[in-house]
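Just so we're clear, the structure is a prediction, and the values are computed from it rather than from any experiment.
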Amino acid sequence: MNRTAQGWGGPQLEIAKMAANCCPPSFPRLQAAFLSIVPRIERHGRVYFRHVKCPDRKADAIREMVDLCWKWFRRLAERGKDATRFPSVLATFAARAVHSGRRLAGACKAKDALSPVAQRRHGFQVGRLPDFSTLNGNPLFDALHDNTRSPVPDQVSFRLDFPAWLATLGARNRGIAQDMAQGHRTGELAEKYGLSPARVSQLRRKFHRDWRSFCGEPDPDCPVKI
């Protein structure tokens with residue numbers, strides 16, 4: 001029984017013919033063949049990463065799976081092998097690689113506290129700080145306990161104004177602002193929230209302007225009209 005009779009045709013058959021002739025398939029045909037197995041790869045990813053509660057992190061993991069599969073798919077095609085014949089195996093190896101921290105470009109840092117790979121490997125978790133003070137206090141304000149440089153009125157004002165200002169921000173920006181207040185670096189914030197370092201720097205300047213405006217202070221970047 002030939003391959004066409006088994007329901008194996010189209011772009012896959014073209015790859016097989018070209019592989020037999022030691023001729024690499026054209027990019028459009030190679031792309032069409034890969035797109036035919038993408039639904040199976042994504043379905044495998046949804047099952048493999050079903051334990052990931054955050055929908056954004058799960059979507060990122062599945063997208064990294066697809067990217068790795070495409071990279072490996074092209075390499076196999078260059079060697080004369082048709083990966084459409086074993087998409088489940090391809091997806092399994094890609095899912096394991098992403099779970100271990102591998103990415104299409106680089107890999108997750110195993111020693112970064114914000115990296116899920118580091119958290120899983122060393123058995124700890126990172127959670128967000130509370131938005132407002134509770135019965136147990138607020139970690140954002142603990143730094144003020146031993147603060148002998150800021151005047152007491154300024155400390156009191158900050159304790160009242162900072163939570164009120166945070167309430168004006170969205171959920172994501174509120175988390176970023178709190179992490180900035182804790183001294184997290186731009187690169188750490190970019191990796192944690194899936195943003196570019198340039199965007200984090202823009203948000204840092206925006207938060208600074210918004211905070212000064214909230215406190216009634218003039219913006220130094222804006223010229224004063226006389």
Side-chain angles (χ1 to χ4, degrees), residues 1-122 126 185-201:
M1 182 182 294
N2 58 36
R3 291 168 176 168
T4 305
Q6 293 177 349
W8 193 65
Q12 295 89 342
L13 186 57
E14 290 293 335
I15 293 179
K17 290 180 179 179
M18 293 177 180
N21 298 328
C22 299
C23 178
S26 62
F27 183 82
R29 293 186 179 277
L30 190 66
Q31 188 178 40
F34 178 74
L35 291 176
S36 67
I37 65 172
V38 166
R40 296 187 60 179
I41 297 173
E42 293 177 338
R43 183 164 59 249
H44 187 93
R46 286 192 293 268
V47 174
Y48 191 93
F49 294 104
R50 63 185 181 277
H51 64 280
V52 180
K53 297 181 180 180
C54 177
D56 294 332
R57 288 182 56 188
K58 182 185 297 185
D60 290 342
I62 295 175
R63 181 49 48 194
E64 288 290 346
M65 270 187 61
V66 175
D67 294 343
L68 284 177
C69 286
W70 169 240
K71 179 180 179 180
W72 297 343
F73 188 89
R74 294 180 61 183
R75 288 183 177 179
L76 290 170
E78 292 173 355
R79 299 174 184 176
K81 297 181 180 180
D82 180 16
T84 58
R85 303 179 63 180
F86 43 87
S88 296
V89 176
L90 193 67
T92 298
F93 280 104
R96 293 176 181 176
V98 173
H99 182 70
S100 299
R102 185 172 179 181
R103 299 293 184 264
L104 180 65
C108 292
K109 299 180 180 178
K111 296 184 179 180
D112 186 355
L114 298 179
S115 170
V117 176
Q119 297 173 21
R120 184 170 57 253
R121 182 173 301 176
H122 299 288
V126 177
R185 298 179 178 179
T186 299
E188 297 173 346
L189 295 174
E191 183 175 355
K192 179 178 180 180
Y193 293 96
L195 302 173
S196 65
R199 179 54 180 163
V200 174
S201 298

Side-chain contact, heavy-atom cut-off 4.5 Å: [X] with [Y]?
| X | Y | result |
| --- | --- | --- |
| R96 | Y48 | yes |
| Y193 | V200 | no |
| R185 | L189 | no |
| K58 | K53 | no |

Roughly how far apart are [X] [atom1] and [Y] [atom2], rounded to 0.5 Å?
| X | Y | atom1 | atom2 | answer |
| --- | --- | --- | --- | --- |
| F73 | L30 | CZ | CG | 5.0 Å |
| T186 | R199 | OG1 | CZ | 13.0 Å |
| S88 | R43 | OG | CZ | 8.0 Å |
| C69 | E64 | SG | CD | 11.0 Å |
| F27 | R74 | CZ | CZ | 5.5 Å |
| R50 | R46 | CZ | CZ | 13.0 Å |

Closest non-hydrogen atom pair between [X] and [Y], with its separation:
| X | Y | result |
| --- | --- | --- |
| S36 | P39 | O-CD, 3.9 Å |
| P87 | R40 | CG-NH1, 3.3 Å |
| L68 | A94 | CD1-O, 4.2 Å |
| A33 | T84 | O-CG2, 3.6 Å |
| H44 | A95 | CD2-CB, 4.3 Å |
| V98 | M65 | CG2-N, 3.8 Å |

Verdict with reasoning, I37 to F86, per side chain to side chain contact (heavy atoms under 4.5 Å, CB included): CA-CA 9 Å; I37 65 172; F86 43 87; over 6 Å; no
Mutual orientation of the aromatic rings belonging to W70 and F34 [parallel < 30°, tilted 30-60°, perpendicular > 60°]: tilted
